[in-house]
Amino acid sequence: MPELPEVETIRRHLADKVTERVIKEVDLLLPRLIKWPSPGEFQAILTGKRIKKLGRRGKYLLFYLEDDFVLVIHLRMTGRLYFIQAGAERDKYTRILFTFDNQDTLQYADTRTLGTLYLMKERELWRISGLQHMGPEPLTAEFTEAYFSDRLKKRQGKIKPLLLDQTLVSGLGNIYADESLALAGIHPEKSAAQLSERECKVLYAAVNQVIAEGIADGGTSFRDYRDGNGQRGEHQKHLRVYGRHNEPCCVCGTPISKIVVAGRGTHYCSRCQIK
DNA sequence: CGTGTTGCCTGGGTGC
DNA sequence: TGCACCCAGGCAACAC
């Protein structure tokens with residue numbers, strides 16, 4: 001599941017390869033992934049456009065193009081982006097294919113086809129509601145401890161689903177939400193409104209830390225991803241609880257529990273993380 | 001408006 | 001071996 005650290009890693013790996021390249025051809029092997037505008041317009045507008053810059057907001061990847069256009073890609077669950085040099089083999093699940101002027105390609109592959117692509121003028125980005133309502137990014141000046149504590153206090157319900165709410169803080173998915181709570185020593189089902197000031201503070205720091213660690217490790221979950229240098233994520237070696245059901249907690253040795261919270265598989269240590 | 005639930009989508013795993 | 005079923009989870013759409 002590509003979350004903020006994975007999308008940021010992909011952005012960094014692709015930036016050098018696609019910046020200043022001209023998109024010569026666009027193949028829509030699965031046109032329904034194009035959410036805006038129509039697939040035909042998407043193809044027509046993109047063809048011949050030069051990529052100027054790569055950006056990211058939350059889990060959205062933003063390709064800034066000539067003429068103020070932006071190509072927006074959300075990988076959702078199984079989306080992958082590969083830069084493939086001319087002649088190299090393509091992914092079995094390639095859905096959208098961008099070909100550059102010397103036959104190098106950028107391939108959007110997606111097993112479960114839940115990903116979404118958009119193309120619009122920069123000033124029209126508000127049309128994407130996920131972008132419009134997105135909360136502040138971890139590790140930025142906008143994401144302050146005061147803001148985080150204040151928002152948590154005003155919310156009903158369990159803390160875990162709130163960490164997944166992109167309007168509260170952007171970029172966390174199931175992995176980094178579980179990891180944040182583990183680092184903070186907070187039970188995923190603890191009521192957000194009942195978090196103490198100190199717990200809010202510790203959780204705030206934990207969110208920033210796990211995101212920073214994820215980025216530093218080049219991400220976790222895009223196991224199939226390779227950039228031109230063959231680099232891949234390392235963070236799965238450092239996960240505290242996610243995917244470690246029944247394995248010992250790295251702090252106290254208690255087997256990691258797995259439960260369902262708000263419909264999501266949730267991993268935690270029943271000894272270190274208390275309600 | 002906040003909160004909870006459902007559907008989208010496919011490969012891989014499980015139990016019979 | 002085949003088959004039905006379930007799970008993975010980000011987000012939009014929907015119900016209340």
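Chain identifiers are assigned alphabetically (A, B, ...) following the order of the sequence lines, protein sequences preceding nucleic acid strands; residue numbering begins at 1 within each chain.
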Heavy atoms under 4.0 Å, any strand shown: does A:Lys160 hit a base, just sugar-phosphate, or nothing?
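Nothing, no heavy atom under 4.0 Å.
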Could you check whether A:Gly265 gets within reach of a base, just the sugar-phosphate, or nothing at all, counting any heavy atom under 4.0 Å?
sugar-phosphate
Please give, in whole Å, the distance from [N] [atom2] to [X] [atom1]?
X        : N      : atom1 : atom2 : value
A:Leu163 : C:dG9  : CG    : P     : 15 Å
A:Glu6   : C:dG10 : CD    : C1'   : 13 Å
A:Leu30  : B:dC9  : CG    : P     : 9 Å
A:Asp178 : C:dG10 : CG    : P     : 10 Å
A:Met77  : B:dT10 : CE    : C1'   : 11 Å
A:Leu162 : C:dG10 : CG    : P     : 15 Å
A:Leu168 : B:dT3  : CG    : C1'   : 14 Å
A:Asn174 : C:dC7  : CG    : P     : 15 Å

Is A:Lys121 positioned over the aromatic face of A:Phe69, cation under 6.0 angstrom from the ring centre and no more than 45 degrees off axis?
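That pair qualifies as a cation-pi contact.
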Six-ring centre of A:Tyr118, A:Lys35 cation under 6.0 angstrom, axis tolerance 45°
no
Strictly below 4.0 Å: does A:Lys258 bring a side-chain N or O up to OP1 or OP2 of C:dA8?
yes
Does A:Arg112 have a side-chain nitrogen or oxygen under 4.0 Å from the phosphate oxygens OP1 or OP2 of B:dG11?
no
Measure from the side chain of A:Arg32, starting at C-beta and using heavy atoms only, and say which of B:dC9, B:dT3, C:dG10 lies closest.
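Of B:dC9, B:dT3, C:dG10, B:dC9 is nearest to the side chain of A:Arg32.
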Among residues at least two apart in sequence or on other chains, which ones pass ring pair (Phe, Tyr, Trp, His ring centres under 6.0 Å) with A:Phe148?
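Once residues adjacent in sequence are excluded, the partners of A:Phe148 under the ring pair (Phe, Tyr, Trp, His ring centres under 6.0 Å) criterion are A:Phe143.
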Run the salt-bridge test on A:Glu6 and A:Lys59 with the 4.0 Å N-O cut-off and return the result as yes or no.
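A:Lys59 and A:Glu6: not salt-bridged.
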Do the charged groups of A:Lys53 and A:Glu20 touch, with an N to O distance under 4.0 Å?
no
Verify same cluster id: A:Leu125, A:Tyr60 (apolar side-chain graph, 4.5 Å)
yes
Heavy-atom distance under 4.5 Å between the side chains of A:Glu66 and A:Ile51, does that happen here?
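Heavy-atom side-chain distance check fails, nothing below 4.5 Å.
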One character per nucleotide, please: for nucleotides 11-16 of chain C, 5' to 3', B when the base has a protein heavy atom closer than 4.0 Å, S when only the sugar-phosphate does, - otherwise.
BS----
